[in-house]
Amino acid sequence: MDNYNQNPYQQQQPQQQYQQPQYQQPVYNAPQQDPASQVMSVGQYIGLFILSAIPVVNVICWIVWLCSPNTNKNKKNYIIANIVIWIITAVLSIIAAVAMAAMGVAVSGGF
């Protein structure tokens, strides 16, 4: 019955089978452990706080750590935050001293 719909001059071509490409396992490269981006431990923070409390040693340590290219990023951010706080404190202290001097308040306490 279906023969009358087919063209007798047309040859049937064999059906091509689809071939799926070979499966490849995804390549997983473990991230490189950069010592400058690792999280600091509590003990390292305590050591940093103790060194930051010693008056002359703190400035020397801060300069060395800020200039070193392989210093931990957390430590650098902490030092930069400390320097910003120190600058803000110094500026506010100078403004307060000038304001008190302008009001006539004696800082030394003498009459």
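Counting begins at 1 with the first residue of the sequence. In what follows, every heavy atom counts, from backbone to side chain, and hydrogens, waters and symmetry copies are set aside.
- Taking OG of Ser41 as the reference point, atom CD1 of Ile46 lies at 8.5 Å (rounded to 0.5 Å).
- Contact detail for Trp65 and Thr71: the closest heavy-atom pair is O-OG1, 2.8 Å.
- Of all non-hydrogen atoms in Asn74 and Val39, the two that sit nearest each other are ND2-CA, 3.7 Å.
- Side-chain contact, Asn82 with Tyr78: a donor N or O sits under 3.5 Å from an acceptor N or O.
- Linking ILVMFWY side-chain heavy atoms closer than 4.5 Å, directly or via other members, places Val59 and Ile50 in two distinct hydrophobic clusters.
- A donor-acceptor distance shorter than 3.5 angstrom exists from the side chain of Ser93 to the backbone of Thr89, with no hydrogens or angles considered.
- One hydrophobic cluster, built from ILVMFWY side chains closer than 4.5 Å, cannot hold both Ile54 and Val64; they sit in different ones.
- If you chain together hydrophobic residues whose side chains sit under 4.5 Å apart, Leu51 and Phe49 fall into the same group.
- By the rule that hydrophobic residues join a cluster once side-chain heavy atoms approach within less than 4.5 Å of another member, Ile60 and Trp86 end up as members of separate clusters.
- Pairing each heavy atom of Met40 with each of Asn72, the nearest pair is CG-ND2, 3.4 Å.
- Heavy-atom minimum distance, Leu48 versus Lys75: CD1-CG, 3.9 Å.
- In terms of hydrophobic clustering, with Ile, Leu, Val, Met, Phe, Trp and Tyr side chains grouped at heavy-atom distances under 4.5 Å, Ile80 and Trp62 are assigned to a common cluster.
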